[in-house]
Amino acid sequence: MPTIINLKNINKTYYNGAPLHVLKGINLEIYKGEFVSIMGASGSGKSTLLNILGILDNYDTGEYYLNDVLIKNLSETRAAYFRNKLIGFVFQSFNLISFKNAMENVALPLYYQKTGRKTRNKIALEYLDKLGLKEWAYHMPNELSGGQKQRVAIARALISKPQIILADEPTGALDSKTSAEVLDVLKKVNETGMTMIIVTHESGIANQTNKIIRLKDGIIENIEDNSEHNFSSLGFQNIK
Amino acid sequence: MFDLDRWHEIFITISRNKLRSFLTAFGVFWGIFMLVVLTGGGRGLENLISGQLEGIASNSCFIWNGRTSEAYKGFRKGRWWSINNRDIEIIKSNVKGIAEISSIIMPWSPTTDNAVRGEKKGTFSVQGNFANYNKIYHHTMKFGRYLNDMDLQEHRKVCMIGSRVYETLFNHGEDPTGLDIRVDGIYYKVIGVGDGSENITFNGDTRELITIPFTTMQTLYNYGENIDVFCAMAKPNIDVSEMQEQMETILKTNHSIAPHDKQAINSFNVETMFKQIGYLFLGVNILAWIVGFGTLFAGIIGVSNIMMVTVRERTQEIGIRRALGAKPSSIMTQIMSESFVITAIAGFLGISFAVLILQIVDLGLDVSGNGTSVFQISFFTSVVAALIIVILGTLAGLGPAFRAMKIKPIEALSEE
Ligand SMILES: Nc1ncnc2c1ncn2[C@@H]1O[C@H](COP(=O)(O)OP(=O)(O)OP(=O)(O)O)[C@@H](O)[C@H]1O
Ligand SMILES: [Mg+2]
């Protein structure tokens with residue numbers, strides 16, 4: 001399996017008032033097609049790590065290779081290009097644009113690839129159809145349920161055929177039934193070969209992924225193989 | 001540049017917040033409207049006044065007698081005196097800058113129904129002129145001609161009448177040339193009819209004036225050698241005030257008037273008046289531009305402020321766009337284009353509306369009487385106004401666009 005993400009000794013400090021060393025030497029390798037979850041206590045640096053992976057934020061020292069390209073000191077323009085081409089984001093708060101309907105929201109990444117409106121709307125409809133939202137295509141975000149919004153966001157993340165999907169607590173704002181549905185969708189996407197990294201608090205969600213990374217105080221505490229999906233929802237790990 | 005998709009995107013964002021876009025646009029609309037209406041109005045007034053002055057050679061002056069206000073060389077003050085033919089001859093041969101000099105006789109008020117033709121009659125002023133008066137004050141003719149030198153040499157009893165005189169004494173459409181009318185008891189042959197398009201004269205309305213040869217009038221009205229007024233036109237590049245002073249000095253010497261007597265000689269300097277009117281309109285114009293520009297500028301500042309607020313409010317949206325792959329430059333052009341589109345639409349509406357208002361005023365007044373626009377901005381002004389809008393609109397978007405460009409996606413996304 002080829003490596004898609006390779007982190008070497010990543011450090012990140014926030015300098016808002018007192019310096020806050022959030023990531024303290026992260027080494028991590030993720031392979032193409034993996035389904036990974038990142039867990040850890042609040043403030044352990046999960047979102048920070050994910051943002052660095054998504055080139056939404058930069059790191060201080062270390063090296064980050066995405067698809068064998070060193071992601072360091074990129075210009076904003078270049079960062080935007082990589083985000084658009086290689087990365088799909090799913091956020092806890094959906095982050096849909098409120099004055100655009102579902103289809104237009106899904107089509108937006110293609111707008112920044114200079115795809116014509118007709119074409120990108122057609123493709124957006126195809127993706128919405130795949131996620132069972134065809135009849136909601138012309139609805140505005142405020143007319144959709146949380147689960148529907150998140151599925152729209154997933155469609156939007158997928159439309160540019162990225163290399164990885166990064167999801168920061170994608171089910172954090174959803175009830176358990178809807179969470180299960182959304183996770184199902186993500187699983188199916190992963191089954192098509194898409195690399196997927198999910199930040200979550202819920203062990204039930206993490207247990208569905210194939211690998212669990214535990215962060216504690218800015219370092220990786222451990223990485224567990226979870227291909228058997230026998231991770232206890234109570235937080236205990238079954239002994240193999 | 002012409003990317004339909006981008007314009008569609010801009011249109012959606014603008015129309016999303018209709019009230020705010022409208023209010024923003026209104027500031028610009030009002031500004032440009034004021035600018036155009038004020039400059040157009042100023043120009044209209046200018047055209048209106050210049051129309052009144054049409055036909056008069058601007059480099060001319062009129063001089064007539066008054067009462068002395070100082071005792072001089074044994075004469076008491078308050079003495080009446082008259083300009084005479086000899087004065088004119090002396091002036092003509094001594095003042096080098098004169099291109100034309102033309103004596104005029106214009107008795108003050110005519111007697112009632114002094115002009116008669118058969119049953120028709122009316123009260124009209126009579127004026128005695130030289131043929132060269134037409135060079136200083138151009139008369140456009142409806143029928144026939146103005147006085148010529150032969151009329152004067154031969155003391156002919158001919159007259160040129162104004163259009164109102166014609167309407168009163170003749171039937172509509174009738175060619176009056178060669179026909180006789182009786183004025184103050186004497187018969188004159190009509191040689192021409194002025195069309196009266198001149199709006200101003202030195203002595204009343206040309207449309208109600210009967211002009212006869214100066215020589216004829218001086219004799220028939222018992223003026224002897226005296227004249228009422230004379231008019232002089234300067235040669236090109238000669239200062240009228242200077243010429244006028246030389247002429248006045250000669251008159252004062254000839255008639256033993258104190259050199260500094262201000263009231264003994266009356267004059268009217270057309271050039272000075274034209275200059276003053278010119279300055280007046282320059283002032284009006286400058287004022288119009290300042291006020292208009294000020295209003296417009298306030299509108300543009302409004303756009304800039306509102307765009308600033310908009311950018312702040314749209315931080316999250318911009319963050320999302322950036323996360324999805326929008327380059328900083330595309331965010332920047334988007335904000336600038338939005339500001340540009342609002343300003344441009346409002347601005348062009350403002351120009352159009354102002355032009356419409358000016359046109360209505362123009363039609364309402366119909367000052368020119370022949371349908372040509374008087375209260376209207378020039379093509380140049382409208383091009384300048386349009387350019388100003390395009391430039392200011394873009395500039396207004398610049399600050400907000402920079403701020404939008406600086407938005408970091410994570411900060412925007414974490415802002416709930
Ligand atoms: N932009 C920032 N500036 C300063 N400090 C920050 C910034 N972003 C995050 N932090 C701090 O860095 C630490 C790690 O934050 P991070 O968001 O990565 O945690 P997390 O693991 O995602 O937590 P949670 O589970 O609550 O989402 C926290 O203490 C947080 O307060
Ligand atoms: Mg987090």
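As a basis for the values below, the full set of heavy atoms in this structure was taken, side chains included, without hydrogen atoms, waters or symmetry mates. So you know, we letter chains A, B, ... as the sequences are listed, proteins then strands, and number each from 1.
At a 4.5 Å heavy-atom cutoff, the contact between A/K100 and chain B is made by side-chain atoms alone. The parts of A/D57 that come within reach of chain B are both its backbone and its side chain, each placing non-hydrogen atoms under 4.5 angstrom from that chain. Using a 4.5 Å cut-off between heavy atoms, A/T115 contacts chain B through its backbone alone, with no side-chain atom that close. Only the side chain of A/E104 comes within contact range of chain B, judged by heavy atoms closer than 4.5 Å. For A/R156, the part sitting under 4.5 Å from any heavy atom of chain B is the side chain, from C-beta outward, and nothing else. There is no contact between A/F82 and chain B, counting heavy-atom distances below 4.5 Å.
Within the model, atoms CG of B/L324 and CG of A/N105 stand 8.5 Å from one another, a figure rounded to the nearest 0.5 Å. Of the inter-residue distances, the one linking A/Y111 atom OH with B/S330 atom OG reads 7.0 Å to the nearest 0.5 angstrom. Within the model, atoms OG of A/S93 and CD1 of B/I320 stand 8.0 Å from one another, a figure rounded to the nearest 0.5 Å. Between atom CG of residue A/L56 and atom CD of residue B/E411 there is a gap of 11.5 Å, rounded to the nearest 0.5 Å.
Among A/R120, A/Q113, A/Q92, the residue making the largest number of heavy-atom pairs under 4.5 Å with chain B is A/R120. Ranked by non-hydrogen atom pairs under 4.5 Å with chain B, the options A/K85, A/R78, A/R83 are led by A/R83.
More than 12 heavy-atom neighbours from other residues, nucleotides or ligands sit within 6.0 angstrom of CZ on B/F348. Within a 6.0 Å radius of CH2 in B/W289, other residues, nucleotides and ligands contribute more than 12 heavy atoms. For A/K24, the NZ atom is densely surrounded, since the number of other residues' heavy atoms within 6.0 Å is greater than 12. Heavy atoms from other residues, nucleotides or ligands lying under 6.0 Å from NZ of B/K327 number 12 at most. Counting heavy-atom neighbours within 6.0 Å of A/D68 CG, excluding the residue itself, gives a total of 12 or less. Atom NZ of A/K72 has more than 12 neighbouring heavy atoms from other residues, nucleotides or ligands inside a 6.0 Å radius. Other residues, nucleotides and ligands place more than 12 heavy atoms under 6.0 Å from the OH atom of A/Y14.
There is a side-chain donor-acceptor pair under 3.5 Å between B/R321 and A/Y112.
Taking every heavy atom of both residues into account, A/F89 and B/A323 meet most closely at CE1-O, 3.5 Å. Heavy atoms only, all atoms of each residue included: A/A80 and B/A326 are closest at CB-O, 3.5 Å.
In this structure the side chain of A/E76 reaches within 4.5 angstrom of the side chain of B/R322, judged on heavy atoms. Using a 4.5 Å heavy-atom threshold, the side chains of A/T77 and B/P328 count as touching. A 4.5 Å side-chain heavy-atom check between B/E317 and A/L96 finds every atom pair outside the cut-off.
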